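Taking it in order: structure first as structure tokens, then the write-up.
Predicted, not measured: the structure shown is a model, and the values here were computed from it.
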Amino acid sequence: MLDGERAVVTLGEWPEAGDTEQGRTPPAYRELARVLEPWLYEGPLFDKDFGPEDRRRWERRFLD
């Protein structure tokens, strides 16, 4: 049971495979990302090999 501050979102019975590098993003993932975009968490950069632009692309992979 979840308390009043959490939620579970299910986009289907099974996960869908996609490939953002080939432009194959499952539509349900993209739509959920659009709905949640105002609350997108942009965390601090911890990995020196993962630059700011790489992190931004990863965080917005379903939006851009």
Side-chain angles (χ1 to χ4, degrees):
M1 182 78 177
L2 297 176
D3 63 32
E5 305 229 350
R6 299 184 289 169
V8 172
V9 176
T10 304
L11 298 177
E13 188 173 340
W14 299 99
E16 287 186 57
D19 187 334
T20 56
E21 289 185 12
Q22 294 184 10
R24 293 190 321 231
T25 301
Y29 289 40
R30 186 172 297 280
E31 184 59 29
L32 179 62
R34 283 189 189 118
V35 169
L36 296 177
E37 185 176 13
W39 297 278
L40 178 65
Y41 173 75
E42 295 178 358
L45 185 60
F46 292 111
D47 187 339
K48 67 180 186 302
D49 296 326
F50 199 66
E53 188 56 33
D54 293 327
R55 183 189 62 172
R56 183 191 169 289
R57 276 196 306 273
W58 173 255
E59 291 172 341
R60 298 186 56 82
R61 66 194 175 278
F62 297 123
L63 294 167
D64 296 337

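Here the closest non-hydrogen pair linking P26 and A17 is CG-O, 4.1 Å. In this structure, L40 and E59 approach most closely via the heavy-atom pair CD1-O, 3.7 Å. When all heavy atoms are compared, the tightest approach of E16 to Y29 is N-OH, 3.4 Å.
Distance CD/E31 to CG/L36: 10.0 Å, rounded to 0.5 Å. Note that CD of E37 and CZ of R34 are 9.0 Å apart. Values are rounded to the nearest 0.5 Å.
Side-chain atoms of R24 do not come within 3.5 Å of backbone N or O of G18 as any donor-acceptor pair.
A cation-pi arrangement, defined by a distance under 6.0 Å to the six-membered ring centre and an angle within 45 degrees of its axis, is absent between R55 and W58.
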